[in-house]
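Written out below as C-alpha cells is the structure these notes cover.
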Amino acid sequence: MNGKDIFKAFDAVDEGLIEQAIPREGKKVRARFLPAAAAACLILGVGAAMAVAWSNTVSIPNKKQQADLSVNTITPRSELPTEKPTPDATENSALTSEPVSTETLRIIWGKDEILDSHVPQRGEILMPGSLEEAINDEKNSDCLFAVCITPYRGKEATKIVNESWYNEWLKLFENPIIKRFLADYENYITPEWPSFTPEELQEMYQGEGPMDVVPKRKFMLEWKKELTEEEWESFTAAKEEIDEIWMNNPKYEDVADQLMREEILRLIALGYDLDENGMGFLTAEQIKTFAKKNPDIGYIIQWQDRDDPMDA
Amino acid sequence: MREELEELFLTRNEEALARVRAEFGGLMFSAAYGITGDRAEAEECVSDALLDAWNSIPPMPKSMPAYLTKLVRSRAIDRVRERKSQRRGGGELPLILDELSECVPDPASSHFEDELALRAVIAEFTAALPPEERRLFLGRYFFSRTVKELAVEFGLTRGAVKMRLMRTRLKLKQILEKEGIEV
C-alpha cells in the first residue's frame, strides 16, 4: 500500500465535513509575522536614534544572552530582502545566504526540504542534514538561520479517546439479524480472501464501522433477496443504529495542536524569534542548544520556505 | 435548490444535470484539474462524473457538492492511472502522493483489511481535526489544491501551509502506527 491508497481513502470522509472544506474565495494574504517585526523595528529605530548608538552591525548573542534575544534577532527582520532569490541561486546551491546588515549579519536560507520524518520522541531533535551541517560550519557562526520549528510531545501528540461507548456498541452485534448478516458475509468473502481469520474479520468489521465498502455493498444486494420484508427492515434498523453510534462517537482527539501552540508561545516568551507558526530566525548556537530548553518535548527543525508571503 | 434537484433526479429530468453542472461544475473541474493537470481531461472527468451522478441518484446524497467531488475525483484518478504507462505528467497528484507516502509506516505491506481500516481511520482522523486544519487538510488531499491556492485562501505564507500540512501528516502517521495499520 502507498500514498495513493491514503489519497483514495479520503473518499470515506463525511460529506458534511467535505462540504465545509469546499474552497472559498481567497482572503487577502497577510503576512503573520512581518507586521510584528515592522513594529519592533520602528520601536528599535526610535530607540536607536535617541541613543545615537545604533549601528548596522548586529552582534550575535552568546549563550548567556540566549534568554533575551528579542531585540537582537527581531532587528534583522526589518532588513529582510523583500525579493526572492533568483531561481538559479536556489536551485544550484544547497544554501543561499544574504547579507542583512552591512557588515556581519547574514540570514541563511536552505532549500525547501521535506524531512523523511518519524515523529520525534521527547528530547529528540530532528533536522535535515543540510541544516545540521550549516549550523556546525564555523563560517556561519555569525549568521541567522531561517527555520521552522515543530514541537511534539512524543506519544501524547495524538490521542485515542477513551471509548466508553465502545462496549455498548459491540453489544449491538449480538442482535440475531446482525449475527446472521456477519456469518453470511463471512461465508461470502472467505472464498475470495481465504487468508482472513475470524479474528481478522471481526477486527475488520470494527475498524470499518459503517458498512459501506464495496464488497459488502455488493453482497447486501444479493443477501437482501434471501430475507423477508420484516427481516430486511429489522436488519436495516439495527445497521442504522450501529452506524449512528459509530459516527457520533469520535475515536480520536487532536491534542497535538494545542500542545504545539502552547510550546511555540513558550519559546517566543523565552526570546526565540519565532512567529505563532513556529517560523523565524535562530542563531546556530540557539539551534545547537535547543534541546536543553525542554527535554520533555521533541522538535522538528526545518528550513523555512523562502516564498515571500506577498507573492502567494 | 436541493428539493428541486431531488425532484428533477427522481423524475429523470435531464435538466438536473444542467443545474448540477451550472452550480457545481467549477468545483468539480477544479478537483479534476488538480489531479490530472490537463484541462481537456478534467472536462471529460466532469462529464463522466455527471453521468455517474445521473446513474446513481436517487437516493440523494447527504451533500451534493461533496458527492460530486468524490465522483469526479474517482474519475480523475482512473484517468491518471490509465495514462500512467504513457508517462505523462499529472497536475498536483504526484506531489500529493509523495506527501502522503510520508504517512506510510511500511510501504511493502498490503492487506485488504488494512484498506478497510484505513478508510475508517481517515474518516475519524479528519473529523477530529480542528476546523481550520481540517479545511486545509481536505483542501490539499481531497480537493487537490495547490499550496499556493491554499496560501491565498487561508491568508498564510506557502511555507506556513506546507508546515501545517506536514504536522497534520505526522499526526496521521502516528494514528496509523497506533492502530497497527500496515499501510
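Lettering follows sequence order; numbering is per chain, from 1.
One finds no salt bridge joining A/Asp11 and B/Arg119 here, because no Lys/Arg side-chain nitrogen approaches an Asp/Glu carboxylate oxygen to under 4.0 Å.
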Step by step, work out the ring pair (Phe, Tyr, Trp, His ring centres under 6.0 Å) result for B/Phe137 and A/Phe10.
CA-CA 10 Å; B/Phe137 196 55; A/Phe10 274 86; 5.4 Å; yes
Determine whether A/Lys8 and B/Ile77 satisfy the following criterion, side-chain contact (heavy atoms from CB on, under 4.5 Å), listing intermediate values before the conclusion.
CA-CA 9 Å; A/Lys8 282 155 62 182; B/Ile77 292 169; 4.0 Å; yes
Check the pair B/Leu138 / A/Ile22 against side-chain contact (heavy atoms from CB on, under 4.5 Å), numbers first and verdict last.
CA-CA 9 Å; B/Leu138 288 174; A/Ile22 286 173; over 6 Å; no
Derivation and outcome, side-chain contact (heavy atoms from CB on, under 4.5 Å), residues B/Ile35 and A/Phe7:
CA-CA 11 Å; B/Ile35 293 172; A/Phe7 183 71; 3.8 Å; yes
Step by step, would you call B/Arg167 with A/Cys148 a side-chain contact (heavy atoms from CB on, under 4.5 Å)?
CA-CA 11 Å; B/Arg167 288 164 181 164; A/Cys148 180; 3.6 Å; yes
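Contact annotation: the side chain of B/Met163 never approaches that of A/Asn277 to less than 4.5 Å [non-hydrogen atoms, C-beta and beyond]. Counting heavy atoms from C-beta outward, A/Ile6 and B/Leu172 have side chains that approach closer than 4.5 Å.
The structure places CD of A/Gln304 at 11.5 Å from NZ of B/Lys162, a figure rounded to the nearest 0.5 Å. B/Arg135 CZ to A/Ile18 CD1: the interatomic distance, rounded to the nearest 0.5 Å, is 14.0 Å.
When heavy atoms are compared at a cutoff of 4.5 Å, B/Arg73 approaches chain A solely by way of its side chain, counted from C-beta outward. Heavy atoms closer than 4.5 Å to chain A are found in the side chain of B/Ser144, but not in its backbone. Both the backbone and the side chain of B/Tyr67 come within less than 4.5 Å of a heavy atom in chain A. Of the atoms belonging to B/Pro131, not a single heavy atom falls under 4.5 Å from chain A.
Checking side-chain atoms of A/Tyr152 against main-chain N and O of B/Lys171 turns up no donor-acceptor pair under 3.5 Å. Here the side chain of A/Glu15 pairs a donor or acceptor atom with the backbone of B/Ser63 at under 3.5 angstrom. With hydrogens and angles disregarded, a donor-acceptor distance shorter than 3.5 Å links the side chain of B/Lys70 to the backbone of A/Val13.
Interface check for chain A: of the options B/Leu136, B/Thr69, B/Val161, B/Leu27, the most heavy-atom pairs under 4.5 Å are formed by B/Leu27.
Between A/Ala12 and B/Ala123, the closest heavy-atom pair is O-CB, 3.4 Å. Nearest approach of A/Glu19 to B/Ala66, heavy atoms of both residues: N-CB, 4.3 Å.
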